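None of these values were measured; they are calculated from a predicted model.
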Amino acid sequence: MQIQNSTNRIKYFFTLIKQSLRGDQQDYTTGSIRKAVFLLAIPMVFEMMMESVFALVDIFFVGQLGKNAISTVGLTESLLTLVYSLAIGMSMAATAMVARRVGEKNPEAASVAAMQSIIVALFVVVCISIPGFIYAKNILRLMGAEDETVNVGTNYIRIMMAGSVVIMLLFLINGIFRGAGDPSISMKSLWLANICNIIFCPLFIKGLGPIPAFGLTGAAIATTCGRGIGVCYQLFHLIKGNSVIRLKAAHLKVQWDIIKSLVIVAGPGTLQFIIGSCSWIFLTKWVAETGGSVASAGYIIAIRILMFFLLPAWGLSNAAATLVGQNLGANQPKRASDSVIKTAKYNAIFMGIVTVFFFVGADMILSFFTTQPAVKAIAMSALRIVSAGYIFYGVGMVLINAFNGAGDTWTPTIINFFGFWVLQIPLAWYLSKNASMGPVGIFIAIPVAESLMTIASFILFRKGKWKKVKV
C-alpha cells in the first residue's frame with residue numbers, strides 16, 4: 001500500500017510538471033494552494049534559471065578574454081541594474097494590475113493594462129539608453145575602471161545600453177504573462193533567448209568563417225540579439241496567441257487613468273530596486289578600489305554564481321505575487337496570505353540546500369570559471385560569506401513579491417532604503433576601509449543587511465496593511 005501511494009504521488013508530481021509547462025489555463029483563486037504554488041512556480045523557476053544562464057554563459061566566454069574583460073562586464077552589469085530596476089518596477093506594476101483584473105474575471109481590462117504598461121516602458125527606456133550610449137566611456141571611468149578596461153569595454157557598454165529596450169520588454173512582458181497566470185510563455189521566451197545566446201556568444205566573440213572575432217563586443221551583440229528574439233516570441237503570443245491577454249490595435253489609445261495607476265505602483269517599485277542597485281554599484285566600486293582588478297574579477301564571478309541560484313528562488317517567489325494579486329482581486333485576502341506563507345516555506349528549504357552546496361562545493365564550482373589562484377580565492381570568500389544569509393534571502397524575496405503583487409510597493413521601498421542605504425552601505429564602507437578588512441568587509445555587510453531586512457518585512461507582512469491596497 002505504501003509503495004502504491006508513493007508511486008501515485010510521483011505520478012501526480014510529474015503530471016503537475018507537465019501541466020505547468022504546457023501552460024494550461026487555471027483558476028488560481030480556488031482549489032489547493034499547494035497545487036497553485038507548484039503550477040505557477042515550476043515555469044517561473046525555469047524562467048529565472050534561464051535568466052541566470054545568460055549571466056553564466058557570458059561570464060564563461062568573457063572569462064577567457066582576461067580580467068579587464070571580466071571587470072568590464074561586471075561594471076556594466078552594475079550600471080545596467082538601473083535599467084533592470086526600471087524594468088522590474090514596470091513589470092511588478094503590470095503583474096499587480098493584470099493579476100487583479102484577471103482575479104476580477106475581466107480579461108479585456110487586463111489586456112488594456114498590459115498595453116498601457118508597454119507604452120510607458122518604451123518611453124522610459126528611450127530616455128535612459130540614449131545618454132548611456134553617448135556617455136559610455138565617462139560612465140566606465142566614474143565606476144572606477146582602469147584605463148585598459150575603459151579602452152576594452154566602451155563598445156561593449158554602448159551596445160548593452162542601446163539594447164536596453166529588449167531588456168525592458170523581456171522583463172515587462174514576462175511580468176504581464178505572470179500576472180495573467182500564464183508563466184509558461186515567459187519561461188519559453190527565455191529558453192529561446194538563451195539558446196540563441198549560447199549559439200551567438202562563441203560565434204561573435206571568437207568568429208567563424210566570414211564572421212569576424214569581435215571579442216568582448218561580440219558578447220554584447222550576442223546577448224542583445226538573443227534577448228531580442230525572445231521579445232519577438234513574446235509579442236507573437238500577446239497578439240496571436242491563446243493567452244488570457246490579447247493585445248489589439250484599439251488598446252494603443254493612451255488611457256491616462258490606467259497609466260496613472262501604473263505609475264503609482266511602478267514609481268516606488270522602481271525606486272526600491274534603484275535603491276538596491278545603487279547599493280550594488282557602491283559595493284562593486286569599493287571592491288575594485290580596495291582590492292584592484294583581481295578582487296573585482298573574483299567578486300563578479302562569485303556574484304554571477306550566486307545569482308544563478310538566487311534567480312530560481314526569485315522565480316518561486318514570483319508565484320506569491322500572482323497568487324496575492326489574483327486572490328485579492330477575487331476578494332479572498334486570507335487565501336492570499338496563506339499562499340505567501342506556503343511559498344516562503346518552500347523557498348527557505350531550497351535556499352538552505354543551496355547554502356550547504358556552496359560551503360561544500362565552492363572550490364569545484366569556481367574551477368569552471370577561473371584558473372587564476374588570486375581571483376579564485378576572492379571568489380570563494382565572497383561565495384561562502386554572502387550565501388550564509390541565503391535562507392533569509394529566500395523568505396525575504398517571497399515577502400517582497402507579496403507586497404508588490406498586492407500593489408503595495410511603498411513598504412518594500414522603505415525597507416530597502418533603510419536596509420541598503422542606512423545599514424548596508426555604511427557598514428560595508430566601515431568594514432572595508434576603517435576596519436581595513438578590504439573586500440571581505442564588503443562581503444560581510446551583504447548578508448547582515450539582507451537578514452535584518454527580511455525580519456522587518458515579516459513583521460510588516462503580519463500587520464496586513466497590504467491586503468487593503470487598491471489597484
Side-chain angles (χ1 to χ4, degrees), residues 51 54-55 58 72-95 114-145 150 153-176 193 197 216-217 219-232 234-235 254 259-260 262-285 307 404 409 413 416-417 420-421:
E51 181 62 37
F54 259 107
D58 287 349
T72 297
V73 172
L75 293 172
T76 304
E77 283 293 318
S78 64
L79 176 66
L80 282 175
T81 49
L82 296 174
V83 177
Y84 294 141
S85 298
L86 289 163
I88 292 170
M90 285 302 305
S91 175
M92 72 175 63
T95 297
M115 178 63 86
Q116 299 305 301
S117 67
I118 292 173
I119 291 171
V120 175
L122 288 174
F123 172 78
V124 170
V125 77
V126 167
C127 294
I128 295 172
S129 59
I130 292 176
F133 180 88
I134 294 173
Y135 299 107
K137 187 173 290 187
N138 294 333
I139 290 170
L140 278 174
R141 287 202 176 98
L142 284 173
M143 292 291 293
V150 173
T154 298
N155 286 336
Y156 177 88
I157 194 172
R158 280 179 174 160
I159 293 171
M160 293 300 291
M161 290 304 300
S164 58
V165 63
V166 295
I167 296 174
M168 174 70 79
L169 288 178
L170 197 65
F171 274 82
L172 172 65
I173 298 175
N174 279 349
I176 291 170
N197 187 47
L216 180 60
T217 302
I221 296 172
T223 299
T224 302
C225 288
R227 284 195 169 113
I229 292 171
V231 169
C232 290
Q234 292 173 324
L235 292 173
V254 174
I259 288 178
K260 180 181 177 181
L262 284 165
V263 171
I264 288 173
V265 177
T270 299
L271 182 60
Q272 71 183 253
F273 284 94
I274 288 179
I275 289 169
S277 300
C278 288
S279 178
W280 160 247
I281 290 172
F282 277 114
L283 298 187
T284 303
K285 178 178 172 62
M307 288 303 296
N404 291 330
T409 49
T413 300
N416 278 11
F417 174 78
F420 288 124
W421 288 6

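- Listed by chain and number, the residues in a side-chain hydrogen bond (donor to acceptor under 3.5 Å, both in side chains) with Ser279 are Gln424 (sequence neighbours excluded).
- Ile264 meets the side-chain contact (heavy atoms from CB on, under 4.5 Å) test with Lys260; sequence neighbours excluded.
- No donor-acceptor pair closer than 3.5 Å links the side chain of Thr413 to the backbone N or O of Leu271.
- Across Met161 and Phe133, no two heavy atoms sit closer than the pair CB-N, 4.0 Å.
- Ile229 pairs by the side-chain contact (heavy atoms from CB on, under 4.5 Å) definition with Leu192, Cys196, Phe200, not counting sequence neighbours.
- From Asn416, atom CG reaches atom CH2 of Trp421 across 10.0 Å, with rounding to the nearest 0.5 Å.
- Inter-residue side-chain proximity for Phe420 and Cys278 is flagged as unmet; no heavy-atom pair is nearer than 4.5 Å.
- Taking every heavy atom of both residues into account, Gly175 and Thr95 meet most closely at O-OG1, 2.8 Å.
- By the 4.5 Å heavy-atom criterion applied to side chains, Val126 and Val165 are not counted as neighbours.
- Between Ala94 and Leu172, the shortest heavy-atom distance links the atoms CB-CD1, 3.8 Å.
- Closest non-hydrogen pair, Gln234 versus Leu169, comes out as OE1-O, 3.6 Å.
- In this structure, OG on Ser164 lies 12.5 Å from CG on Leu170, to the nearest 0.5 angstrom.
- Rounded to the nearest 0.5 angstrom, Ile176 CD1 and Met90 CE are separated by 8.5 Å.
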Show me the donor-acceptor pairs, under 3.5 Å and distance only, between side chains in residues 116-124 and residues at least two apart or in other chains.
unit_1: Gln116; atom_1: OE1; unit_2: Gln255; atom_2: N; d: 2.8
unit_1: Gln116; atom_1: NE2; unit_2: His251; atom_2: O; d: 2.9
unit_1: Gln116; atom_1: NE2; unit_2: Lys253; atom_2: O; d: 2.9
unit_1: Ser117; atom_1: OG; unit_2: Ala114; atom_2: O; d: 2.6

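- Legend: residues meeting side-chain contact (heavy atoms from CB on, under 4.5 Å) with Thr409, ordered by chain and number and at least two apart, are Met92, Val265, Pro268, Gln272, Asn404.
- Separation of atoms OG1 (Thr270) and CG (Leu86) is listed at 5.0 Å; rounding is to 0.5 Å.
- The CD1 atom of Ile134 lies 9.5 Å from the CZ atom of Arg158; values are rounded to the nearest 0.5 Å.
- Residues passing the side-chain contact (heavy atoms from CB on, under 4.5 Å) test with Val166, sequence neighbours excluded: Thr224, Arg227, Val231.
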